[in-house]
Amino acid sequence: MSEKLYSISVEVNGVARSAHVPARLSLVDWLRDDLRLTGTHVGCEHGICGACSIMLDGEPVRSCLMYAVQADGHRVTTVEGLANPDGSMSVLQDSFCKCHAMQCGYCTPGMLIAAKGLLEANRHPSDTEIRAAIGGNLCRCTGYQQIVDAIHDAARRMASGAK
Amino acid sequence: MKSAPFEYLRADSIASACEALRREGDSAKIIAGGQSLVPIMAMRLVRPSLLVDINEIAALKFIAVERDAVRIGACTRQALVERDDALASRVPLLRQALAWVGHVQTRNRGTLGGSIVHADPCAELPLAAQVLGAKMVLRSSSGARTLAAEEFFTGPMVTATDSSECLEEVHWPVWSEPRTGCAFTEIANRHGDFAMVSAACQLALDGEGRCVRAAFGLGGVGQTPLAFPRLAARLLGTKLDEAVVKSVAQDAAAQTEPGSDLFATADYRRHLAGVLAARVIRAAQEKAGGGK
Ligand code: FES
Ligand code: FES
């Protein structure tokens, strides 16, 4: 079947990427299957679990609820884009390791994106604000407490200047 | 790829979106935030041949505070509506309702107009629109018309919008009474889910704490979000004592037509409707500085 293709240009983790995609290709499938950026996970594929969270123009959104063609001309950050430029882990990622904020890791990319969005808007989040920020991300393993601890830890370290 | 194939048009103006709708008729569909549309397209419950994307139309994204109303562009993101302090001081019910809508990620992408046009009878923004009597401005290539919420919501996921029309803006009335208070509450399986039952109320009190203006409604217990203007009128002139609030809330619950499902029976939902209606009237009274 020949389906019409649309040309798109998207800045993904600071790199300009172009492609020809069918309109019905979801953004997460484009990122994972075509760009091979498999850090972003897919769980439910209909907006419930948060595993597919990415930043669109700096704000966390669910990439399973967008078509790739809609991202044309926009800026996307995936979990691969969170590391420092030299490839070392960012404070936020390091805090997740330190605080044991993951077990199987399935929810982790989405949690990191949600946390990143929160910390960019709010440098000193309360417990309640952290819980609200990750409220749309399901984790089947950790019981959430270590994730909340990790985000507190990252906020503290970032406030004292760590990168 | 889970959706059926479709063609895509990124509209750069309201006029070009309306023109595409006119040309394609029923088989075209508008996509705004897509937070409900994309899943139902993935389930193939909806199979448009053309998707008209209005996300890039700047003229559909604004919050304009006027004397008697706040006008909000249909494609304004829910997160922006939630954060706007000028809006929150004039139409406080919106921020209260949005606290129950989805999650950060869905509010960043989801739009005010998208939720209203989707018209889920369990959704929060349609209930707020129904309770406050918001007005929807519908644009087509042959002009514009304005519908009040009560004419706009016609059934579950059904509105009076014609297939050639695009929701352009929503007008939210501003109450001028100095002692105005409002409240929104709901019971859902998980916070952020659609409500099992939701309730919203806005009322105004005079200097003695007597109710001078009242509106309330219930979501999730009928074909559309429900408002109860006749019952709200029974609150006027009273000091909202226990007996009045209880009887009004009970009568509202009796008028609902909830369904049963895996999670709750119709009886339980009707019971919740009465409890939440009373609770929300009381909470609005307290916000208006009355009671106690
Ligand atoms: S995969 Fe997108 S929210 Fe679950
Ligand atoms: S660590 Fe397994 S789902 Fe969160």
Side-chain angles (χ1 to χ4, degrees), chain A residues 1-6 8 21-30 33 42 44-74 110-111 113-118 121-122 129-138, chain B residues 1-12 28-56 75 77-80 82-83 98-111 114 188-194:
Chain A
M1 191 183 77
S2 76
E3 205 169 320
K4 185 165 173 188
L5 299 180
Y6 297 81
I8 59 171
V21 295
R24 59 179 168 147
L25 182 69
S26 71
L27 179 57
V28 68
D29 285 348
W30 182 61
D33 299 346
V42 264
C44 65
E45 290 186 80
H46 62 277
I48 306 296
C49 70
C52 67
S53 299
I54 53 136
M55 312 266 252
L56 180 75
D57 300 325
E59 306 266 14
V61 301
R62 296 188 187 313
S63 60
C64 71
L65 294 186
M66 270 186 78
Y67 296 108
V69 62
Q70 296 188 281
D72 183 29
H74 292 275
M111 289 289 181
I113 292 287
K116 169 94 174 156
L118 171 69
N122 179 354
E129 288 166 332
I130 291 176
R131 286 174 187 276
I134 61 168
N137 295 65
L138 299 181
Chain B
M1 290 184 286
K2 301 178 85 180
S3 307
F6 57 86
E7 296 203 350
Y8 172 83
L9 175 79
R10 183 178 274 197
D12 52 10
K29 190 132 184 77
I30 289 182
I31 184 164
Q35 305 297 291
S36 301
L37 183 59
V38 175
I40 62 179
M41 282 179 59
M43 296 172 204
R44 302 203 175 192
L45 297 170
V46 181
R47 306 172 67 136
S49 64
L50 174 72
L51 212 51
V52 180
D53 189 347
I54 59 169
N55 279 287
E56 309 293 325
C75 208
R77 306 277 174 219
Q78 291 162 5
L80 287 181
E82 192 183 8
R83 285 199 286 259
L98 277 163
W100 299 92
V101 176
H103 305 285
V104 176
Q105 293 99 320
T106 61
R107 293 195 297 272
N108 277 339
R109 184 79 184 154
T111 65
N189 282 328
R190 288 167 296 262
H191 187 95
D193 284 10
F194 280 125

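In this text, all values refer to a predicted model and were calculated from it rather than measured experimentally. Just so it is clear: chains get the letters A, B, ... in the order the sequence lines come, proteins before strands, and each one is counted from 1.
For A/Leu118, no part lies under 4.5 angstrom from a heavy atom of chain B. Proximity to chain B (any heavy atom under 4.5 Å) is restricted, for A/Ser53, to the side chain, taken from C-beta onward. With a 4.5 angstrom heavy-atom cutoff, B/Ala79 does not touch chain A via any of its atoms. Contact annotation for B/Arg77: neither backbone nor side-chain heavy atoms come within less than 4.5 Å of a heavy atom of chain A. Contact of B/Ile40 with chain A is not made at all, since no heavy-atom distance falls under 4.5 Å.
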For A/Tyr67 and A/Tyr6, run ring-ring contact (aromatic ring centres under 6.0 Å, His included): C-alpha distance rounded to whole Å, both residues' side-chain angles, the deciding distance at 0.1 Å, then the answer.
CA-CA 11 Å; A/Tyr67 296 108; A/Tyr6 297 81; over 10 Å; no
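Counting only residues at least two apart or in different chains, side chain to side chain donor-acceptor pair (under 3.5 Å) contacts with residues 33-45 of chain B are absent. For residues 55-66 of chain A, the pairs satisfying side chain to side chain donor-acceptor pair (under 3.5 Å) are A/Asp57-A/His74, with sequence neighbours left out.
What you find for B/Leu51 and B/Leu37 is that their closest heavy atoms are CD1-CD2, 4.0 Å. For the residue pair B/Cys75 and B/Thr111, the shortest heavy atom distance occurs at O-CG2, 3.7 Å.
Interface remark: of the candidates B/Lys2, B/Arg190, B/Met43, B/Lys2 forms the most heavy-atom pairs closer than 4.5 Å to chain A. Most heavy-atom pairs under 4.5 Å with chain B, from the set A/Val61, A/Ile48, A/Asn137, A/Ile134: that is A/Val61. Residue with the most contacts toward chain A among B/Pro39, B/Ala42, B/Gly34, B/Gly192: B/Pro39 (heavy-atom pairs, distance under 4.5 Å). The most heavy-atom pairs under 4.5 Å with chain B, out of A/Leu56, A/Ile54, A/Asp72, come from A/Asp72.
Once rounded to the nearest 0.5 Å, the distance linking CG of B/Asp53 with OH of B/Tyr8 reads 3.5 Å.
Checking side-chain atoms of B/Asn55 against main-chain N and O of B/Ala32 turns up a donor-acceptor pair under 3.5 Å.
In this structure, B/Lys29 places its NZ atom where only 12 or fewer heavy-atom neighbours from other residues, nucleotides or ligands lie under 6.0 Å away.
The stretch residues 100-110 of chain B places B/His103, B/Val104, B/Gln105, B/Thr106, B/Asn108, B/Arg109 near chain A, each with some heavy atom under 4.5 Å from a heavy atom of that chain.
Contact check for B/Arg47 versus B/Phe6: no side-chain heavy atoms found under the 4.5 Å cut-off.
Here A/Asp33 pairs with A/Asp29 under the side chain to side chain contact (heavy atoms under 4.5 Å, CB included) rule; sequence neighbours left out.
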